[in-house]
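Worksheet: one structure, shown below.
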Number of protein chains: 4
Amino acid sequence: MVFAEQGFYQSTISQIAREAGVADGTIYLYFKNKDDILVQFFTYKAKQVFDLFREEVATADGAIEKLKNLVRRHLDEFQRDKNMAIVYQAETHQNSRSAEPQIREMSKMYLDIVSEIVEQGQADGTMRKDLYLSLVKRFILGAVDETINNWLHSGGKYDLRSMADPLIDLFIRGIGNNNVNNS
Amino acid sequence: MVFAEQGFYQSTISQIAREAGVADGTIYLYFKNKDDILVQFFTYKAKQVFDLFREEVATADGAIEKLKNLVRRHLDEFQRDKNMAIVYQAETHQNSRSAEPQIREMSKMYLDIVSEIVEQGQADGTMRKDLYLSLVKRFILGAVDETINNWLHSGGKYDLRSMADPLIDLFIRGIGNNNVNNS
Amino acid sequence: MVFAEQGFYQSTISQIAREAGVADGTIYLYFKNKDDILVQFFTYKAKQVFDLFREEVATADGAIEKLKNLVRRHLDEFQRDKNMAIVYQAETHQNSRSAEPQIREMSKMYLDIVSEIVEQGQADGTMRKDLYLSLVKRFILGAVDETINNWLHSGGKYDLRSMADPLIDLFIRGIGNNNVNNS
Amino acid sequence: MVFAEQGFYQSTISQIAREAGVADGTIYLYFKNKDDILVQFFTYKAKQVFDLFREEVATADGAIEKLKNLVRRHLDEFQRDKNMAIVYQAETHQNSRSAEPQIREMSKMYLDIVSEIVEQGQADGTMRKDLYLSLVKRFILGAVDETINNWLHSGGKYDLRSMADPLIDLFIRGIGNNNVNNS
DNA sequence: GATGAATGAGGATTCATTCAT
DNA sequence: AATGAATGAATCCTCATTCAT
């Protein structure tokens, strides 16, 4: 996918069309304009990915287990579809984009899933009650995102999925030495 | 700053010049080309910001205190210079940018500072020894970044700096309920 | 043709396009860039003109007759296509042109034809054997060129072709008074 | 001189100024505008060179001797001042130049000198009477010009002046084999 | 539906020229 | 007289979009 390599705005309709194996004009039979390609791409991908996420979370028991599955699946999917990962990383950090609504929606869906998990964790006593929820969800999303971002910038060589467990561990236990404090 | 509002590549030289109160051609007396504006901007800002960061870390005692100061300062500076924040967020998540070297350098400097802090924390017993260091540093950077990113997408209304302490708390203690484990 | 009137480098793409009855962008469907217009023009013309020259020379008997035909045809063609004549005159006397290879090739082809003729003339005894060949061919090309150049600078009013025979006469007999020598 | 290397129109005022060791603005104290540099250059050079030519012709006896001296001096001067040669070659073959009047004047002066010589030659019986004068003078100028042009395109390596005598020989005797005709 | 040639607005960059110092 | 920073008109080229076939 061209706009994974050079960014969506640096890609031309000609490149996109050639890659799709159609003529330039044909693009306009399916997309209103160039921006609409991005919008539809995100709309389609969002649905696809979030269905997976929801399903993954639903099949797990316990908040921590749900969180583990979510993060694993997240890393897994982005590893599987590196192009989507690149486009997602690039576009979620711009503003005044035409795909802004789609991106906000995706972010929101993700944050909602995390919120639900944390709230469940608080309810069943596996997570701290004194958490600043709106911060926690971003803290988790941010850490996962940056893990993906770094994987991308490194060229996507190593196994991204293997980062899931250590990452969850940091979410759950933090980096402080609890043994010291609790001794 | 125009390219904070519409992204650097969506801004025109005319807009940038008008905003700077000079003629289009004048831009080229100070910058080799359009890309060079971004490069010089990051080079200049990086030096300025990292001097502050280093200083902030140096004046604190103890790893946790250092980390607090760093994160506070980070949020503080990005809150103070919102335009820089926007541009930084946008450009650090693109690839094949001309400012790539500057951005990699900035990232690396940041990660190095965090590494040093964590290593010190491990040495003085305030941080866990069983940490995956290269993951931890990105986990911290990612969480801070996403906090800033969200603040930006919300329009920069609330006080970003106030996020520092709860964020550090999450880094240190995690979200797991240690009381349960330790009871 | 605009660049006949003002020189190729003084013409703008807009002018060239307007004259061709197409939009500016259309030019770039057929030419790589502005320079390529000149290159293609020469490549095309060179082939066309030199095919004529070769043919003209082939159909004549005897070196002197061949030379006459060549010069006649040369003047004839440049008279017929005055724009080409202007561009040719202008560009063959510049250096570091992008069309340089085409121009060198055209010059070389011309000089080669003349060389062959002169060598044949020497073989059949109609031309002097003590000739400095590489000078002779330039001497002929130069004289024809300047004849064309002057015709152009005079506005192309008079009949250029009528210069052919007197010019050949000068090539063959020179301006010296042989009768005096031979008396 | 910069505009010998890249042509006058491809040279910038900055380059010309730097080479002259003055600031850009200073150029405008001495020249009305960029074109005026070319105009003044030709005006100055023309006077200088033609004074030499006239002198050279005056000091010789006999038309053929005068012609020899003129051609020698011409080649000599252009060899000595290669930059002038390049600029002269380039600009005399363009039209709608601002230096056009200067160039026409230079051409005319040259052709006038040649005319005078030929007329004298006809009067004293060393040159043919049946010459088409306006053609002869261009034939001579063209041949000399092309000799210079070729020397320039070859990089100006060999001794240009040594071409003078063989060239004159061609002017005088032509390339035809008179012995054959006169036997 | 599909094509791809043609369009022309838009944008980066250059550079002759000016003018305050 | 000399400077050189600033100007902005001018120009090449790109590319999203259209539309006749």
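As a basis for the values below, the full set of heavy atoms in this structure was taken, side chains included, without hydrogen atoms, waters or symmetry mates. Computed from a prediction, not measured in an experiment: that's the story for all the values here. Throughout, a chain's letter reflects where its sequence line sits, starting with A, and its residues are numbered from 1.
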**OP:** Give a yes or no on whether C:E19 atom CD has more than 12 heavy-atom contacts from other residues, nucleotides or ligands under 6.0 Å away.
**Re:** yes
Subject >> Side-chain heavy atoms of A:F8 within contact of A:D35, under 4.5 Å >> reply: yes
Original post:
With a cut-off of 6.0 Å (strictly less than), are more than 12 heavy atoms of other residues, nucleotides or ligands near CD of A:Q79?
Top reply: yes
**OP:** Could you say whether B:G21 or A:Q10 is positioned toward the 5' end of DNA chain F, judged by the nucleotide with the nearest heavy atom to each?
**Re:** B:G21
Subject >> Modelled atom types, side-chain donor and acceptor of D:D145 and D:Y88, under 3.5 Å >> reply: no
**OP:** Would you mind checking if C:R80 and C:E77 are paired as a salt bridge, meaning a charged N to carboxylate O distance below 4.0 Å?
**Re:** yes
**OP:** Tell me, please, the opening and closing nucleotides of DNA chain E, 5' to 3', among those with an atom under 4.0 angstrom from a non-hydrogen atom of chain A.
**Re:** E:dG1 to E:dG4
Original post:
Which whole-number value in Å describes the distance from A:Y9 OH to F:dA16 C1'?
Top reply: 13 Å
Subject >> Nucleotide F:dA9, atom P - distance to CD1 of D:I13 in whole Å >> reply: 20 Å
**OP:** Over 60° means perpendicular and under 30° means parallel, so classify the ring planes of C:H93 and D:H93, tilted if in between.
**Re:** parallel
Original post:
Of the non-hydrogen atoms in B:R104 and A:H153, which two are nearest, and what is the gap between them?
Top reply: NH2-O, 3.4 Å
**OP:** Take C:Y9 and C:E91 through the test side chain to side chain contact (heavy atoms under 4.5 Å, CB included) and record every step on the way to the result.
**Re:** CA-CA 10 Å; C:Y9 286 94; C:E91 302 306 323; 4.1 Å; yes
Original post:
Any ion pair linking A:K45 and A:D81 (charged N to carboxylate O, less than 4.0 Å)?
Top reply: yes
Original post:
Could you write out DNA chain F as a dot-bracket string, with dots for unpaired bases, | for bases paired across to another strand, and Watson-Crick or G-U pairs counted at under 3.5 Å?
Top reply: .||||||||||||||||||||
**OP:** For DNA chain E, determine which residues of residues 22-38 of chain A have any heavy atom closer than 4.0 angstrom to one of its atoms, and list them numerically.
**Re:** A:V22, A:A23, A:G25, A:T26, A:L29, A:Y30
Original post:
Around A:Q48, counting heavy atoms of other residues, nucleotides and ligands shown, do more than 12 lie under 6.0 Å from its CD?
Top reply: yes
